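Not measured: the values here are computed from a predicted model. Reckoned from all heavy atoms, side chains included, excluding hydrogens, waters and symmetry mates. Chain naming here is simple, since letters A, B, ... match the order of the sequence lines and numbering starts at 1 in each.
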2 protein chains.
Amino acid sequence: MVQDSIRVLQTQGYKVTKPRRQVLEILEEAQESLSPYDIQRLLRRQGKHLNHVTIYRILDLFCSLNLAHKLLSTGRFVKCSLGDKEGCHRFMVCHRCGTLQEFADERLCQEENGFARNFDFHTEYHLSESSGLCSNCYRKQHQKQENA
Amino acid sequence: MVQDSIRVLQTQGYKVTKPRRQVLEILEEAQESLSPYDIQRLLRRQGKHLNHVTIYRILDLFCSLNLAHKLLSTGRFVKCSLGDKEGCHRFMVCHRCGTLQEFADERLCQEENGFARNFDFHTEYHLSESSGLCSNCYRKQHQKQENA
DNA sequence: AGCTTAAATGCAACAGTGTTGCGATTAGGG
DNA sequence: CCCTAATCGCAACACTGTTGCATTTAAGCT
Ligand SMILES: [Mn+2]
Ligand SMILES: [Mn+2]
Ligand SMILES: [Zn+2]
Ligand SMILES: [Zn+2]
């Protein structure tokens with residue numbers, strides 16, 4: 001996974017530096033999305049010290065290469081799980097535990113584009129995040145209500 | 001339009017204050033979305049001085065009453081144009097002039113929910129903004145390319 | 001393995017954004 | 001015209017994000 005991203009960096013002519021590796025690894029490990037300062041704190045706990053400016057610049061680069069995404073709803077970052085290809089990447093985010101699923105669906109895009117045409121709007125890309133509960137958190141929530 | 005919002009404030013037991021009126025009017029006039037500090041600057045040009053803390057608190061209130069929305073992509077605010085009812089409100093934002101259309105579409109929601117169920121995800125609400133060109137800006141862009 | 005150098009990082013300083021507590025003001029009911 | 005809870009303004013602060021420039025480093029080349 002991290003290897004794939006490293007290969008993208010290389011083939012695009014970017015250096016594979018220690019800070020870039022470290023940010024990749026942190027994003028890979030994380031179950032939830034991370035803010036730039038979250039990343040700095042997590043790395044510091046591992047004895048790795050990165051300047052926040054560096055983290056910002058690395059995240060910018062990763063996003064431009066589609067190795068990571070900046071979530072709209074929170075501004076936090078996640079590692080892309082669909083590869084670095086172009087296209088519309090959508091998210092389902094659990095608002096309880098923060099875990100998320102990335103997916104792409106051509107039909108949804110078609111539908112949205114069709115709707116937009118009615119308004120004479122020329123869509124270039126879709127930004128889409130659904131908020132809700134993952135199966136785990138839904139089950140927990142449900143059990144609580146039964147016991148209450 | 002502003003009148004409708006004022007009525008919502010009254011029926012919900014909130015005071016109709018001068019700052020709240022002023023923010024409502026600015027949002028109503030604006031063609032594009034506004035940041036809290038944009039609102040402060042615009043009002044100041046009209047000789048109206050609001051503390052930024054006040055503006056933040058007013059925008060929080062308006063959003064909680066569905067009188068305004070905070071755009072995901074920019075964090076800027078727009079007046080809701082579909083009334084204060086619950087439901088999924090989507091946007092088409094022109095990335096050139098900033099104007100936007102708000103809309104709601106039950107079929108899109110159904111489709112997204114159906115997709116989520118396959119992942120055992122329980123959707124509570126959709127966050128959706130399409131980015132592209134409005135008809136005006138599309139025409140301008142097109143003409144430019146012809147002349148070039 | 002040691003040079004070389006463009007690319008990347010670190011640092012300092014700063015600007016912008018957003019939050020909290022508390023005292024002063026005000027809308028709106030009696 | 002009072003009264004008072006709701007709202008606002010102010011001060012102080014924390015967090016987030018940006019820029020310019022000096023220093024370090026990855027990686028290509030001997
Ligand atoms: Mn992706
Ligand atoms: Mn709305
Ligand atoms: Zn969850
Ligand atoms: Zn436009």
Side-chain angles (χ1 to χ4, degrees), chain A residues 2-3 5-27 32-44 46-65 67-78, chain B residues 2-3 5-27 32-44 46-65 67-78:
Chain A
V2 169
Q3 270 320 310
S5 300
I6 287 181
R7 207 151 310 132
V8 172
L9 287 176
Q10 287 172 331
T11 63
Q12 301 285 97
Y14 294 99
K15 289 188 181 176
V16 180
T17 63
K18 201 158 62 172
R20 285 177 182 166
R21 275 181 208 280
Q22 293 173 343
V23 173
L24 274 177
E25 281 160 17
I26 278 289
L27 286 176
E32 6 146 45
S33 59
L34 302 173
S35 77
Y37 285 96
D38 285 342
I39 293 173
Q40 190 178 47
R41 277 184 287 272
L42 288 172
L43 284 173
R44 191 159 39 220
Q46 307 181 0
K48 299 163 184 168
H49 289 259
L50 287 195
N51 190 280
H52 72 277
V53 180
T54 302
I55 297 175
Y56 275 95
R57 298 199 267 227
I58 288 176
L59 291 171
D60 276 355
L61 175 66
F62 286 0
C63 285
S64 77
L65 297 175
L67 301 178
H69 298 288
K70 184 176 187 175
L71 294 184
L72 291 169
S73 41
T74 57
R76 297 153 65 96
F77 294 82
V78 290
Chain B
V2 169
Q3 272 318 312
S5 299
I6 287 180
R7 207 152 309 132
V8 172
L9 287 176
Q10 287 172 331
T11 62
Q12 302 284 96
Y14 294 98
K15 289 188 181 178
V16 179
T17 63
K18 199 157 62 171
R20 285 176 182 166
R21 274 181 208 281
Q22 292 174 343
V23 173
L24 274 177
E25 281 161 18
I26 278 289
L27 285 176
E32 7 146 45
S33 59
L34 301 174
S35 77
Y37 285 96
D38 285 341
I39 293 174
Q40 189 177 48
R41 278 185 285 271
L42 288 171
L43 285 172
R44 190 158 41 219
Q46 306 179 1
K48 298 162 183 168
H49 289 259
L50 287 195
N51 189 281
H52 72 277
V53 181
T54 302
I55 296 174
Y56 275 95
R57 296 198 269 230
I58 288 175
L59 290 171
D60 276 353
L61 176 67
F62 288 180
C63 285
S64 76
L65 297 174
L67 300 178
H69 298 287
K70 184 175 186 175
L71 294 184
L72 291 169
S73 42
T74 57
R76 297 154 65 96
F77 294 83
V78 290

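- Taking A/L42 as the reference, A/I26, A/L34, A/R45 meet the side chain to side chain contact (heavy atoms under 4.5 Å, CB included) condition, with sequence neighbours excluded.
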As a quick check of understanding, evaluate side-chain contact (heavy atoms from CB on, under 4.5 Å) for A/L50 and A/I39, giving each step before the final call. CA-CA 9 Å; A/L50 287 195; A/I39 293 173; 5.9 Å; no
Run the side-chain contact (heavy atoms from CB on, under 4.5 Å) test on B/V23 and B/T54 for me, step by step, so that the C-alpha distance in whole Å, both residues' side-chain angles and the decisive distance to 0.1 Å come before the verdict. CA-CA 10 Å; B/V23 173; B/T54 302; over 6 Å; no
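- Residues A/F77 and A/K70 share a closest heavy-atom pair of CE2-CB, 3.6 Å.
- Heavy atoms only, all atoms of each residue included: B/R20 and B/Y14 are closest at NH1-CB, 3.8 Å.
- For DNA chain D, the residues of residues 53-62 of chain A within the heavy-atom distance limit of 4.0 Å (strictly under) are A/V53, A/Y56, A/R57, sorted by number.
- Distance check: A/I58 CD1 to A/L67 CG gives 12.0 Å after rounding to the nearest 0.5 Å.
- Pairing each heavy atom of B/P36 with each of B/I55, the nearest pair is O-CG2, 3.8 Å.
- Remark: A/I6 engages A/V2, A/Q3, A/Q10, A/V16, A/R21, A/L24 in a side chain to side chain contact (heavy atoms under 4.5 Å, CB included) (not counting sequence neighbours).
- Chain B approaches DNA chain D over the interval D/dA5 to D/dA11, counting the first and last nucleotide 5' to 3' with an atom under 4.0 Å from its heavy atoms.
- Remark: C1' of C/dA8 and CD of A/Q12 are 17 Å apart, rounded to the nearest angstrom.
- With sequence neighbours excluded, the residues forming a salt bridge (charged side-chain N to carboxylate O under 4.0 Å, His left out) with B/R76 are B/D38, listed by chain and number.
- Residue-to-nucleotide contacts include a donor-acceptor pair under 3.5 Å from the side chain of B/H52 to the base of C/dT19.
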Let's go through A/V53 and A/R57 carefully: what are the C-alpha distance in whole Å and the side-chain angles of both, what is the deciding distance for side-chain contact (heavy atoms from CB on, under 4.5 Å) to 0.1 Å, and is it a yes or a no? CA-CA 6 Å; A/V53 180; A/R57 298 199 267 227; 3.3 Å; yes
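- The side chain to side chain donor-acceptor pair (under 3.5 Å) test applied to B/Q46 returns B/K48, not counting sequence neighbours.
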For nucleotides 25-30 of chain C, 5' to 3', base contacts (B), sugar-phosphate-only contacts (S) and non-contacts (-) with protein non-hydrogen atoms under 4.0 Å give -BBS--
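- Aromatic ring orientation, B/Y37 versus B/H52: parallel (interplanar angle below 30°, classes split at 30° and 60°).
- Atom CD1 of A/I39 and atom P of C/dT9 are 13 Å apart (whole Å).
- For the salt bridge (charged side-chain N to carboxylate O under 4.0 Å, His left out) test, no residue two or more places apart in sequence or in another chain qualifies with B/D60.
- Applying the side chain to side chain donor-acceptor pair (under 3.5 Å) test to A/T74 and every residue at least two apart in sequence or in another chain returns nothing.
- Between the CZ atom of B/F62 and the CG atom of B/L9 there is a distance of 5.5 Å, given to the nearest 0.5 Å.
- Taken residue by residue, residues 68-77 of chain B places no heavy atom nearer than 4.0 Å to DNA chain C.
- Across the helix from C/dA1-D/dT30 to C/dG30-D/dC1, the helix axis at one end is tilted relative to the axis at the other end by 40° (nearest 10 degrees, each axis from five pairs).
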